[in-house]
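Just below is one structure, and these are the notes that go with it.
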Amino acid sequence: QVQLVESGGGLVQPGGSLRLSCAASGSIFRIYTMGWYRQAPGKQRELVAQITSGGSTDYADVVKGRFTISRDNAKNTVYLQMNSLKPEDTAVYYCRLNNGGYLYWGQGTQVTVSS
């Protein structure tokens with residue numbers, strides 16, 4: 001069983017920054033992909049960013065240049081540095097781990113960008 005614990009969400013003003021963390025625990029193979037998804041009210045959950053064990057990254061077009069995903073394999077932790085935040089970034093952010101095709105999700109953390 002795998003558990004994902006998220007932290008770092010909260011309220012921030014437009015143009016501000018937040019850093020999300022997601023720590024995985026349990027039985028996990030060393031080679032895995034971790035990522036962040038988000039879901040705004042009334043919208044479908046969408047990929048924000050993901051990173052493979054080899055360090056390859058993918059970003060949604062709307063966050064490129066503003067968000068950076070990184071990982072610490074020794075800690076089984078993934079981070080999402082979010083800069084230049086916009087109101088449109090407001091959503092519940094979910095951490096996801098892909099371990100050989102088995103998917104595990106965090107409970108979600110609220111990010112609100114507002115004046």
Side-chain angles (χ1 to χ4, degrees):
Q1 183 168 270
V2 174
Q3 184 177 28
L4 304 178
V5 180
E6 302 170 348
S7 62
L11 175 65
V12 65
Q13 295 185 16
S17 298
L18 285 173
R19 191 190 195 203
L20 306 183
S21 299
C22 176
S25 62
S27 182
I28 310 169
F29 290 110
R30 184 166 296 278
I31 300 176
Y32 57 88
T33 297
M34 298 188 74
W36 291 95
Y37 288 70
R38 69 186 184 186
Q39 187 167 22
K43 296 190 66 178
Q44 186 172 287
R45 189 174 300 186
E46 64 178 357
L47 173 69
V48 177
Q50 65 178 21
I51 184 168
T52 69
S53 61
S56 297
T57 58
D58 290 311
Y59 295 93
D61 288 342
V62 293
V63 307
K64 287 181 179 177
R66 300 188 297 120
F67 292 9
T68 302
I69 189 170
S70 61
R71 65 190 293 162
D72 185 337
N73 288 333
K75 297 180 179 180
N76 287 329
T77 299
V78 64
Y79 306 93
L80 185 67
Q81 179 67 46
M82 304 185 294
N83 300 325
S84 301
L85 283 162
K86 306 174 180 179
E88 305 91 88
D89 296 317
T90 296
V92 178
Y93 284 69
Y94 297 90
C95 176
R96 190 200 73 174
L97 184 152
N98 184 337
N99 194 10
Y102 293 88
L103 303 179
Y104 304 91
W105 293 88
Q107 294 301 118
T109 183
Q110 178 70 47
V111 172
T112 302
V113 184
S114 176
S115 298

| message | Salt bridge check, Lys86 against Asp89: does any charged N sit closer than 4.0 Å to a carboxylate O? | response |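 Looking at Asp89 and Lys86, the cut-off is not met.
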| request: Name all pairs fulfilling the ring-ring contact (aromatic ring centres under 6.0 Å, His included) condition that reach into residues 80-115, sequence neighbours left out, sorted by first residue then second. | output: Tyr37-Trp105
| said: Using only atom types and a distance under 3.5 Å, with no angle test, would you say the side chain of Arg66 pairs donor to acceptor with the backbone of Ser84? | reply: yes
| request: Check whether any side-chain N or O of Arg71 sits under 3.5 Å from a backbone N or O of Thr52 as a donor-acceptor pair, and report yes or no. | output: yes
| Interatomic spacing from CG in Leu20 to CD in Gln81 - rounded to 0.5 Å | 9.0 Å
| task | Look up atom CG in Leu4 and atom CG in Leu97, then write down how far apart they are to the nearest 0.5 Å. | result |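 Leu4 atom CG to Leu97 atom CG measures 6.0 Å (nearest 0.5 Å).
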| Quick one: side chain to side chain contact (heavy atoms under 4.5 Å, CB included) partners of Asp58, sequence neighbours excluded? |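 Applying side chain to side chain contact (heavy atoms under 4.5 Å, CB included) to Asp58 gives Gln50.
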| request: Report the residue from Ile51, Val63, Val78, Leu47 that forms a side-chain contact (heavy atoms from CB on, under 4.5 Å) with Trp36. | output: Val78
| Summary of disulfide (SG to SG under 2.5 Å) pairs that have at least one residue in residues 50-89, sequence neighbours excluded | none
| Pairs touching residues 21-115 that satisfy disulfide (SG to SG under 2.5 Å), sequence neighbours left out |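 Only Cys22-Cys95 qualify under disulfide (SG to SG under 2.5 Å).
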| Just checking, any donor-acceptor pair under 3.5 angstrom between side chains of Thr77 and Asp72? |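 No donor-acceptor contact under 3.5 Å links the two side chains.
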Cut-off 3.5 Å, no hydrogens considered: what does the side-chain donor-acceptor table look like for residues 107-115, sequence neighbours left out?
| unit_1 | atom_1 | unit_2 | atom_2 | d |
| --- | --- | --- | --- | --- |
| Gln110 | NE2 | Ala91 | O | 3.4 |
| Gln110 | NE2 | Thr112 | OG1 | 3.3 |

| query | Members other than Tyr79 in its cluster, when Ile, Leu, Val, Met, Phe, Trp, Tyr link by side-chain heavy atoms under 4.5 Å? | reply | none
